[in-house]
Amino acid sequence: MSARILVVDDIAANLRLLEARLNAEYYEVALASSGPEALVRAAEWMPDVILLDVMMPGMDGYEVCRRLKANPDIAHIPVVMITALVDPAERVRGLEAGADDFLSKPVDHPTLFARLRALLRMKQVLDAFRLRAETAQELGFTPEPQPSTSLAGADALLVTEDVNEAELLSCVLSGDGIQIRLASDPGTAWSMLQDEQYDLALLSLSMEGGGLRFASRLRAQAPTRDLPVLLIGDADQKNLILRGFDLGANDHVLRPVDPNELRARARNQIRRKRYQERLQAELNRSLEMAITDGLTGLRNRRYITRHLEGLLRVGGVALLMLDVDRFKTVNDTYGHAAGDQVLQDVALRMRQHLRAVDVVARFGGEEFVVALAGAGQEEAVQVAERLRESLLDSPVALEQHKPLAITASIGVAISRPGDTLDDLTSAADAALYRAKANGRNRVELAVPEDWRRRSAGVA
């Protein structure tokens, strides 16, 4: 897995040693010898991971990390702090500054590379979401609000056979508002995951049945693929922990568990998950808006075109083309605001009189289309008549004018084997034209001579 790594250390020998080891693993490496230089290099070069020494003159690693995480353009870059300090409080200090992990000198290279692989996988996912979210913003979509930094209401699943450990960890995490649900074995845990959503999974590597096997199962299933996994292991389970990272685990703590370190690591994982969920929601909303008509809330022409093409490839489809009668007169007499109200009311009534599986879209102007997958002639005409009558039921209530009675003309076409989208829409349009010519407020079914015939519409 190739990636850009920025190494920050004030000692040249340390820089060169890490550079050589990283180059040997085919990483692209940049070097910085001070905190200020690291901030500049990070912003200019945009690395995938930053390896940051803690003890540096002037600006130490903690301050560098805080400034990195305070810059929204580079806050997403994972930071691994490296130091000769062994006090657990220093690890916690680094994690609370925003570091993703904390490694001790001399660096154990298998551990370093395992952490790099795990962090790079996580960053690739977030980068994909970020890119799409940025594209949505460039198109004018308002970004989602930042997730709350509070952990109140977060749910964590703890999988361990040790009741005493479960009680201790629950007590520690509850101080941050994290609710712990306990499972004593992987089978029970899996059942619980089917019923509830969790923000974090904590897995003991010592339980019978295999914590790593369960971690692998979490990553293999779509519903749990993005659930952060924090491993709990003993100091002599280093190989299992490294294997866990390769299987998709996000973080780990060693026994005896330091309460402050556990809080910091759990906090970071939950907040990252919420950040990812925010990006996902932003992407979903932008995609929804890209295929939705802004005025009526119906699908737009781009969406219905692709949908109809898909239906034509796999089977038959009935196409209804509906046009509001004398709509130009509405705009000219009452104004465009009233015209918009009419279109919104038509869209609402169409939704109310169609099945969930039917797709209705605004095709343009005052024209709407409905795709009825697999519908025959009789059913399609019945649906069209139901829609036409729904507009006659009651006039449209306008804000600054008296209620306005409206009608619509509808053309219906049933696809034939081998038809293209152009064939189908041309036939429906010809049937719609005939409905207009025959007095409006009526449904016409496409006849053989309508296929491939193009006609100008009637207002």
Side-chain angles (χ1 to χ4, degrees), residues 291 293 296 298-331 339 342-343 346-347 349-355 357-392 405-459:
I291 60 174
D293 175 62
T296 64
L298 300 178
R299 294 303 187 209
N300 60 20
R301 184 169 186 150
R302 180 187 301 111
Y303 178 89
I304 195 66
T305 297
R306 297 294 297 273
H307 181 67
L308 286 167
E309 289 172 342
L311 292 177
L312 287 169
R313 283 194 298 268
V314 300
V317 58
L319 177 63
L320 280 56
M321 193 169 285
L322 180 150
D323 189 90
V324 179
D325 293 329
R326 297 186 174 89
F327 184 73
K328 184 176 183 301
T329 302
V330 174
N331 277 336
V342 168
L343 295 178
V346 170
R349 298 191 198 192
M350 293 182 75
R351 274 205 196 98
Q352 292 173 339
H353 290 83
L354 290 169
R355 303 170 302 176
V357 295
D358 302 327
V359 178
V360 56
R362 185 182 178 197
F363 210 55
E366 68 273 24
E367 194 169 74
F368 300 83
V369 296
V370 179
L372 306 175
Q377 175 179 309
E378 183 178 355
E379 179 185 359
V381 171
Q382 287 177 349
V383 171
E385 287 290 356
R386 186 166 68 242
L387 293 177
R388 185 187 65 81
E389 292 171 2
S390 73
L391 301 181
L392 294 173
I406 59 168
T407 63
S409 301
I410 305 175
V412 179
I414 312 299
S415 68
R416 308 167 305 177
D419 275 343
T420 65
L421 179 60
D422 188 51
D423 296 330
L424 185 64
T425 55
S426 293
D429 188 61
L432 172 61
Y433 172 80
R434 190 164 55 258
K436 293 277 190 181
N438 289 340
R440 302 182 178 86
N441 185 28
R442 59 187 295 120
V443 173
E444 290 286 347
L445 180 67
V447 294
E449 55 265 29
D450 290 330
W451 298 94
R452 301 294 300 168
R453 188 181 77 188
R454 298 178 179 277
S455 302
V458 178

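Every heavy atom of this structure was used, including side-chain atoms; hydrogens, water molecules and symmetry mates were not.
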*Taking the side chain as every heavy atom from C-beta outward, state whether L432 and E367 have any atom pair closer than 4.5 Å.*
yes
*Please name all residues satisfying side chain to side chain contact (heavy atoms under 4.5 Å, CB included) with A361, sequence neighbours left out, ordered by chain then number.*
R299, I304, V369
*Where do A384 and V412 come nearest, in terms of heavy atoms and distance?*
CB-CG2, 3.8 Å
_Is there a side-chain contact between L320 and V360 in this structure, where contact means two heavy atoms from C-beta onward sitting under 4.5 Å apart?_
no
*Quick check: does any side chain N or O of R362 sit under 3.5 Å from a backbone N or O of D293, one acting as donor and the other as acceptor?*
no
_Min side-chain heavy-atom separation L322-V370 under 4.5 Å_ = no
*Grab the two heavy atoms, one from A347 and one from F368, that are nearest each other, plus how far apart they are.*
CB-CE2, 4.4 Å
*With the side chain counted from C-beta on, respond yes when V330 and R326 share a heavy-atom pair under 4.5 Å apart, and no when they do not.*
no
*If a pair satisfies salt bridge (Lys or Arg N to Asp or Glu O under 4.0 Å) and one of its residues is in residues 310-320, list it, with sequence neighbours excluded.*
none
*Using the side-chain hydrogen bond (donor to acceptor under 3.5 Å, both in side chains) rule, collect all pairs that involve residues 368-387, keeping only residues at least two apart or in two chains.*
E385-R388
_Within 6.0 Å of CZ in R351, more than 12 heavy atoms from elsewhere_ = yes
*Polar contact flag, side-chain donor to acceptor under 3.5 angstrom, D325-S409*: yes
*Heavy-atom check, side chain of L392 versus side chain of T407, under 4.5 Å*: yes
*Answer whether the closest heavy-atom distance between the side chains of F327 and L343 falls below 4.5 Å.*
yes
*Just by distance, with hydrogens left out, do D423 and T420 show a side-chain donor and acceptor under 3.5 Å apart?*
yes
*Return yes if some donor-acceptor pair links the side-chain N/O of N438 with the main-chain N/O of R434 below 3.5 Å, else return no.*
yes
